[in-house]
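Working notes, beginning with the structure itself.
Within every chain, numbering begins at 1; the chains are lettered A, B, ... in the order of the sequence lines, protein sequences first and strands thereafter.
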Amino acid sequence: MSVRVRFAPSPTGFLHIGGLRTALYNYLFAKKHGGTCVLRIEDTDRTRFVEGAQEGLIEEFKQAGIMFDEGPVQGGALGPYVQSDRFDLYKEHAKKLVDPNLEGNGFAYYAFDTEEDIESMRERQRNAGIAPRYMRGEMNNELTYGSEKTREAIESGVPYVIRLKVPHNRDVRFVDLVHGAIIIAGREIDDQVLIKSDGFPTYHLANVVDDHFMQISHVIRGEEWLPSTPKHVLLYEAFGWEIPQFAHLPLLKNPDGSKMSKRFGDVLVHQFRERGFMPEALINYCAFLGWNPGTEQEFFTMEELVEAFSLERVHKAGAIFDYKRLAWMNAHYLRLEPKERLGEEFASMLEANGVTYASKEYIENVAQLMKERVQTVNELVPFSTYMFKDPIHFEKDYLEQHWNEETETIVTSFLDVLSSIEPFTNEQIETSVKEFLTNNSIPMKKFVHPLRVAITGKKIGADLYSTIQLLGKNAVVRRLKSILELRNQMTEFVTEGIDPKTGETIEVTMVELPITPLEIHN
RNA sequence: GCAGCAUUCGUCUAGCGGUUAGGACACCGCCCUUUCACGGCGGUAACACGGGUUCGAUUCCCGUAUGCUGUACCA
């Protein structure tokens with residue numbers, strides 16, 4: 001039998017990272033076995049429908065590199081792929097489960113309870129301290145009414161639901177590909193509503209009917225479905241259909257161990273994208289949340305994942321989502337990013353932050369130079385401010401530490417060397433600087449730190465010589481002269497900074513140069 | 001409450017009766033070095049607990065504890 005799997009989201013909003021992981025495993029499993037991956041939209045809950053969500057989902061999968069073989073957009077032989085377009089199918093099948101004589105001998109039955117009936121039943125159960133399950137023997141339904149009263153009720157238009165008649169006298173068992181044999185006593189299973197009073201099916205019915213007609217061979221979904229799987233098994237049995245293989249994936253969790261939620265940070269795929277995480281990193285990281293290849297290889301392309309994936313190696317316990325590890329992985333992919341593509345991403349980040357730049361080539365070079373120092377493209381923006389505008393703010397302590405009268409003498413004489421460097425390349429700049437230092441017996445440390453702080457305004461940054469080259473001779477000379485001339489006219493102010501060691505917010509004293517900073521237009 | 005599922009370093013995990021319990025992230029040192037980052041080297045750190053089974057249990061079985069999920073006319 002050929003492998004056919006599906007990812008079946010409900011269009012209630014953006015794609016959750018857990019959804020991405022589930023879809024990924026479905027995709028990997030399908031591709032690994034030369035099978036088919038289906039996208040099905042489960043919109044049976046009309047009250048939660050969100051306009052445009054379906055389109056958003058599809059776009060996010062496209063970016064991530066997950067391609068569905070069949071779905072609402074690409075179509076397929078076993079469609080339609082949106083449940084609201086399959087409405088009649090569910091009702092028709094639910095009715096097949098009901099006893100035609102309306103004597104309650106079917107696999108399902110009509111029930112006429114109002115919301116208040118159900119609520120009072122639960123109230124009584126709560127008080128009695130027993131499990132809240134539908135008490136089919138004492139409620140308003142086909143079983144208690146008998147065929148005549150049931151027929152009358154239906155004909156006179158009393159709203160009804162159709163419930164699954166769960167056999168209470170036996171166990172329901174099935175094999176889960178990741179958890180092994182699962183056995184649940186029938187008496188623990190509730191008489192699930194199959195058709196709601198609005199005529200729509202519940203997830204349980206629609207899911208089984210669709211999986212059957214779409215010939216799904218493996219149901220790979222989140223572990224939150226494990227407790228309701230017996231209901232699905234019962235439905236397959238009632239219809240006399242072949243039961244697919246089940247594989248329930250471990251849940252993604254918050255740092256405190258609860259089910260992953262927005263309480264602890266971003267959980268939506270588009271939020272990760274906006275924060276500068278790359279699709280490759282997201283996919284690679286998600287793949288390893290609950291699965292591993294059993295080798296020591298950590299970085300995988302989608303093709304390699306397909307090759308290496310197997311359900312047997314899926315872990316059983318839930319996994320806490322570690323943002324730091326994702327960042328580390330993203331940094332790896334960032335370093336691999338081709339110059340042009342990185343340039344484009346950087347450009348859109350700059351535009352989003354209102355930074356203007358002159359040429360595509362320049363920002364490509366800036367990104368290339370700095371990508372090894374950051375973990376996401378977004379970080380490139382604050383990291384590279386001095387590549388776009390002369391710095392005017394300096395950390396007071398740091399400047400004083402590296403800048404004194406001796407420095408001024410050295411820098412002043414270096415200005416002559418600088419103007420004569422030709423060609424103005426990082427190699428030549430480095431050579432000239434070193435010659436200058438040797439000729440004047442100046443130790444490296446006495447010079448490069450003041451040079452860096454004067455040119456960039458920061459203590460950390462990328463290779464200084466390349467930075468000087470990219471900025472260009474004019475800008476560097478201008479910056480050095482500004483400090484030289486206006487050093488004593490700087491004004492102090494206090495601002496908030498972040499302690500790099502502790503991550504705490506601390507007060508930092510800054511000094512400001514009394515100039516209007518020029519923009520770099522290289 | 002009831003049911004199901006789970007439990008190896010802080011985190012992701014390897015392990016499928018005999019291992020100095022391995023790797024990666026994070027953290028801490030050292031090296032490289034113009035700062036930072038990368039990289040290299042090293043370090044701290046784990047089998048939840050109690051019973052069995054066995055010559056021997058991290059590994060198999062049973063309890064306990066803890067956590068998670070479910071317990072809807074939501075998915």
Side-chain angles (χ1 to χ4, degrees), chain A residues 8-12 42-45 47-48 111 113-115 118 122 125-126 128-134 159-163 176 178-180 182-185 187-190 192-204 206-207 221-230 248 250-251 253 255-259 285 288-298 313 315-329 331-332 335 370-375 383 398 402 430 433-434 437 444-445 447-449 451-453 456 458-465 467 500:
Chain A
S10 55
T12 53
E42 309 221 327
D43 58 345
T44 53
D45 184 2
T47 62
R48 299 209 309 170
D113 310 285
T114 62
E115 244 176 81
I118 298 290
R122 296 220 172 97
Q125 289 168 325
R126 260 196 302 277
I130 58 174
R133 273 191 285 277
Y134 185 75
Y160 66 84
V161 299
I162 296 179
R163 283 181 183 271
D176 184 278
V178 346
H179 294 281
I182 308 281
I183 303 170
I184 296 182
R187 80 187 102 81
E188 302 294 345
I189 306 167
D190 201 5
Q192 184 65 48
V193 168
L194 265 19
I195 295 287
K196 306 179 221 176
S197 54
D198 63 3
F200 271 72
T202 57
Y203 167 84
H204 307 282
N207 159 69
R221 78 231 300 192
E223 201 185 282
E224 68 268 30
W225 293 110
L226 199 51
S228 52
T229 303
H248 288 94
L251 259 20
K253 304 194 293 186
D256 74 344
S258 57
K259 190 171 162 180
Y285 179 70
F288 273 70
L289 245 25
W291 171 87
N292 79 85
T295 65
E296 300 210 334
Q297 185 181 346
E298 315 230 38
R313 293 203 63 88
H315 198 71
K316 290 176 174 179
I320 294 176
F321 193 91
D322 184 354
Y323 293 85
K324 280 192 171 174
R325 197 175 159 86
L326 204 214
W328 162 76
M329 195 160 258
H332 170 85
R335 279 174 246 129
M370 303 189 152
K371 69 178 182 182
E372 292 224 354
R373 326 271 143 161
V374 298
Q375 295 189 303
F383 198 83
Y398 191 66
H402 290 292
E430 180 169 3
V433 165
K434 285 184 173 162
L437 294 175
M444 187 73 132
K445 284 192 194 257
F447 184 65
V448 290
H449 292 292
L451 196 58
R452 174 181 296 282
V453 73
T456 70
K458 297 186 176 188
K459 52 180 141 185
I460 61 166
D463 176 68
L464 229 204
Y465 308 116
T467 303

Point-to-point distance, once rounded to the nearest 0.5 Å, from OG1 of A:T202 to NZ of A:K196: 7.0 Å

A:D198 CG - B:C73 P separation (whole Å): 12 Å

For B:A46, the Watson-Crick or wobble counterpart (both distances under 3.5 Å): none

Complementary nucleotide for B:C73 - Watson-Crick or wobble, under 3.5 Å: none

Spacing of A:D176 atom CG relative to B:C5 atom P, expressed in whole Å: 10 Å

Touch class at under 4.0 angstrom, heavy-atom based, for A:L464 against every strand present: base

For A:E298, salt bridge (charged side-chain N to carboxylate O under 4.0 Å, His left out) partners two or more places apart: A:R325

Separation of B:U69 P from A:I184 CD1 (nearest whole Å): 17 Å

Any strand: nucleotide that pairs with B:U66 via Watson-Crick or wobble, under 3.5 Å: B:A6

Sugar-phosphate only, base, or nothing, as touched by A:L451 at under 4.0 Å among non-hydrogen atoms: nothing

Touch class at under 4.0 angstrom, heavy-atom based, for A:R126 against every strand present: nothing

Residues forming a side chain to side chain contact (heavy atoms under 4.5 Å, CB included) with A:D190, sequence neighbours excluded: A:R133, A:Y134

Set of ring pair (Phe, Tyr, Trp, His ring centres under 6.0 Å) partners for A:F288, sequence neighbours left out: A:W291, A:F300

Set of salt bridge (charged side-chain N to carboxylate O under 4.0 Å, His left out) partners for A:D463, sequence neighbours left out: none

Nearest-angstrom distance from the residue atom NZ of A:K324 to P of B:C25: 13 Å

Base-pairing mate for B:C16 - Watson-Crick or G-U, with both contacts under 3.5 Å: none

Those residues that, when tested against A:R373, pass salt bridge (charged side-chain N to carboxylate O under 4.0 Å, His left out) (two or more places apart): none

Any-strand Watson-Crick or G-U partner of B:U59, both distances under 3.5 Å: none

Sugar-phosphate only, base, or nothing, as touched by A:Y465 at under 4.0 Å among non-hydrogen atoms: base

B:A21: pairing nucleotide in any strand, Watson-Crick or G-U under 3.5 angstrom: none

Whole-Å distance separating the CZ atom of A:R48 from the C1' atom of B:C74: 4 Å

Touch class at under 4.0 angstrom, heavy-atom based, for A:T44 against every strand present: sugar-phosphate

Qualifying residues under ring pair (Phe, Tyr, Trp, His ring centres under 6.0 Å), relative to A:H315, sequence neighbours excluded: none

B:A37 pairs with, by Watson-Crick or G-U criteria that keep both distances under 3.5 Å: none

Among B:G1, B:G23, B:C5, the one nearest A:I182 by side-chain distance: B:C5

Distance (rounded to the nearest 0.5 Å) between A:E115 CD and A:S197 OG: 8.5 Å

Residues which pass ring pair (Phe, Tyr, Trp, His ring centres under 6.0 Å) with A:Y285, listed by chain and number, not counting sequence neighbours: A:F321

Touch class at under 4.0 angstrom, heavy-atom based, for A:N207 against every strand present: nothing

Value in whole Å for how far the P atom of B:C74 lies from CG of A:D190: 13 Å

Whether A:H204 and A:W225 hold their rings parallel, tilted or perpendicular, with breakpoints at 30° and 60°: perpendicular

Between B:C32 and B:A37 - C1' atom distance, rounded Å: 13 Å

Sugar-phosphate only, base, or nothing, as touched by A:K459 at under 4.0 Å among non-hydrogen atoms: base

Under 3.5 Å, N/O pairs linking protein and nucleotides 37-45 of chain B:
{"unit_1": "B:A37", "atom_1": "O2'", "unit_2": "A:E372", "atom_2": "O", "d": "2.4"}

Donor/acceptor link under 3.5 angstrom from A:S197 side chain onto base of B:C73: yes

Residue A:S258, side-chain atoms from C-beta onward, closest of B:C68, B:A72, B:G1: B:C68

Options B:A72, B:A75, B:U69, nucleotide nearest the side-chain atoms of A:H204: B:A75

Along RNA chain B (nearest heavy atom to each residue), the more 5'-positioned of A:Q192 and A:G129: A:G129

Closest listed nucleotide, where the reference is the side chain of A:R163 and the choices are B:C73, B:G70, B:U71: B:C73

Residues forming a salt bridge (charged side-chain N to carboxylate O under 4.0 Å, His left out) with A:K324, sequence neighbours excluded: none

Qualifying residues under ring pair (Phe, Tyr, Trp, His ring centres under 6.0 Å), relative to A:H402, sequence neighbours excluded: A:Y398, A:H449

Using a cutoff of under 3.5 Å, can you pull out all pairs of nitrogen or oxygen atoms linking the protein to nucleotides 10-16 of chain B, with atom names and distances?
{"unit_1": "B:C12", "atom_1": "OP1", "unit_2": "A:I320", "atom_2": "N", "d": "2.9"}
{"unit_1": "B:C12", "atom_1": "O2'", "unit_2": "A:F288", "atom_2": "O", "d": "3.1"}
{"unit_1": "B:U13", "atom_1": "OP1", "unit_2": "A:G290", "atom_2": "N", "d": "2.7"}
{"unit_1": "B:U13", "atom_1": "O3'", "unit_2": "A:N292", "atom_2": "ND2", "d": "2.9"}
{"unit_1": "B:A14", "atom_1": "OP1", "unit_2": "A:N292", "atom_2": "ND2", "d": "3.0"}
{"unit_1": "B:A14", "atom_1": "OP2", "unit_2": "A:H315", "atom_2": "ND1", "d": "3.1"}
{"unit_1": "B:A14", "atom_1": "O3'", "unit_2": "A:R313", "atom_2": "NH2", "d": "3.4"}
{"unit_1": "B:G15", "atom_1": "OP1", "unit_2": "A:R313", "atom_2": "NH1", "d": "3.4"}
{"unit_1": "B:G15", "atom_1": "OP1", "unit_2": "A:R313", "atom_2": "NH2", "d": "3.4"}

Sugar-phosphate, base or nothing in reach of A:R187, heavy atoms under 4.0 Å: nothing

Touch class at under 4.0 angstrom, heavy-atom based, for A:A327 against every strand present: nothing

Complementary nucleotide for B:U54 - Watson-Crick or wobble, under 3.5 Å: none

Nucleic acid contacts of residues 221-228 of chain A, taken as heavy-atom distances under 4.0 Å to RNA chain B: A:E223, A:E224, A:W225, A:L226, A:P227

Rounded distance in Å - CG (A:L437) to P (B:U34): 11 Å

